[in-house]
Amino acid sequence: MIWLFTRMSGGQSLMIGKKKSLKADIIIGIGDLSKMTGVSARQLRYWEEKGYIQAVSGKKNATRKYKFEMSFKVQAIKRYLDEGYTLAKSVEQAEKLRKKFEIWKKFLVGKVQEVEITDTQHNYGVIELGCVDEEQKKKIYGVVDENGCHFELRDYAEADN
DNA sequence: GTTCTAACA
DNA sequence: TGTTAGAA
């Protein structure tokens with residue numbers, strides 16, 4: 001079963017459908033989480049008991065509900081588990097992966113200035129990664145083309161800014 | 001029909 | 001971890 005909740009200003013959640021929704025949280029049950037990740041409900045309960053994953057705050061005897069985002073964490077843990085890591089190590093690796101992704105995100109948001117689509121058909125483009133030489137007006141670009149991807153140092157005109 | 005806990009394989 | 005049981 002899937003529930004849709006919307007975050008209200010007071011911090012409490014209400015069922016969607018009463019509009020006023022800004023951010024909608026998708027909440028899933030243990031059965032769905034299990035089906036979408038391939039991790040058994042038994043394992044999910046055990047992982048939660050160990051503190052590796054969290055259900056959304058609820059009463060003790062109520063059915064578990066998870067944020068949709070939790071499926072990514074579960075998938076990551078399963079991935080490492082399948083690679084042969086122990087559960088504890090898998091959780092560790094999954095957490096490391098999450099932290100690495102946060103760094104990626106910060107870099108992307110902070111440094112990528114422009115993305116130019118050069119080929120709509122093949123989804124090629126050029127990513128502007130910023131100025132490396134103010135004097136000689138050079139910028140570094142990440143280029144995605146038929147050869148894959150590579151970096152390029154290019155001159156840029158003042159007009160580009 | 002689904003999920004819960006507890007217990008045992 | 002899987003599977004079962006009985007209850008909610």
Side-chain angles (χ1 to χ4, degrees), chain A residues 1-115 117 119-130 140-151:
Chain A
M1 179 63 80
I2 297 173
W3 294 268
L4 286 173
F5 290 92
T6 155
R7 243 198 295 285
M8 308 296 277
S9 53
Q12 52 196 350
S13 291
L14 290 178
M15 289 287 272
I16 216 171
K18 310 197 171 178
K19 43 190 169 183
K20 211 174 185 180
S21 60
L22 291 174
K23 273 189 174 179
D25 284 341
I26 296 179
I27 303 296
I28 59 178
I30 195 170
D32 288 313
L33 184 58
S34 175
K35 280 173 193 165
M36 36 190 304
T37 60
V39 175
S40 71
R42 171 76 172 85
Q43 280 176 301
L44 293 172
R45 293 189 190 100
Y46 179 68
W47 294 4
E48 186 186 331
E49 184 190 324
K50 288 288 186 178
Y52 296 145
I53 62 173
Q54 304 82 220
V56 294
S57 53
K59 286 90 183 174
K60 280 83 181 175
N61 294 328
T63 59
R64 276 163 255 257
K65 294 175 177 58
Y66 301 92
K67 285 191 177 183
F68 179 72
E69 289 92 315
M70 189 56 69
S71 67
F72 295 112
K73 184 173 184 179
V74 173
Q75 279 177 352
I77 295 172
K78 180 182 164 46
R79 179 188 124 185
Y80 290 112
L81 222 43
D82 290 344
E83 285 177 18
Y85 287 90
T86 62
L87 177 56
K89 289 293 180 186
S90 295
V91 173
E92 214 171 277
Q93 289 299 106
E95 183 60 18
K96 190 185 256 178
L97 185 69
R98 191 191 65 77
K99 286 180 175 170
K100 284 181 178 179
F101 180 67
E102 284 303 313
I103 294 173
W104 267 107
K105 216 163 69 178
K106 278 186 188 174
F107 181 81
L108 250 36
V109 171
K111 275 299 173 189
V112 172
Q113 301 175 351
E114 198 68 63
V115 179
I117 298 171
D119 187 330
T120 307
Q121 202 68 44
H122 299 93
N123 208 26
Y124 296 150
V126 176
I127 302 168
E128 191 180 322
L129 292 169
I140 190 162
Y141 296 87
V143 179
V144 178
D145 58 19
E146 66 275 12
N147 299 315
C149 58
H150 62 275
F151 290 115

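Lettering follows sequence order; numbering is per chain, from 1.
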If you count every heavy atom of other residues, nucleotides or ligands that lies below 6.0 Å from A/L108 atom CG, does the total exceed 12?
yes
Do other residues, nucleotides or ligands put more than 12 heavy atoms under 6.0 Å from the OH atom of A/Y124?
yes
With A/S71, which residues qualify under side chain to side chain contact (heavy atoms under 4.5 Å, CB included), at least two apart?
A/L33, A/M36, A/T37, A/F68
Which residues pass the side chain to side chain contact (heavy atoms under 4.5 Å, CB included) test with A/L97, sequence neighbours left out?
A/A76, A/R79, A/Y80
For DNA chain C, which nucleotides open and close the run of contacts to chain A, 5' to 3', at under 4.0 angstrom from a non-hydrogen atom?
C/dT1 to C/dT3
Do you know which two heavy atoms are closest between A/Q54 and A/Y66, and how far apart they sit?
O-CD2, 3.5 Å
Quick one: list whatever passes side-chain hydrogen bond (donor to acceptor under 3.5 Å, both in side chains) with A/E95, sequence neighbours left out.
A/R98
Residues in side-chain hydrogen bond (donor to acceptor under 3.5 Å, both in side chains) contact with A/D119, at least two apart in sequence or another chain:
A/H122
Those residues of residues 39-54 of chain A lying under 4.0 Å from DNA chain B by at least one heavy atom:
A/R42, A/R45
Cationic N near anionic O, under 4.0 Å, A/E102 to A/K105
yes
Nearest whole angstrom, please: distance from the P of B/dT2 to the NZ of A/K65.
15 Å
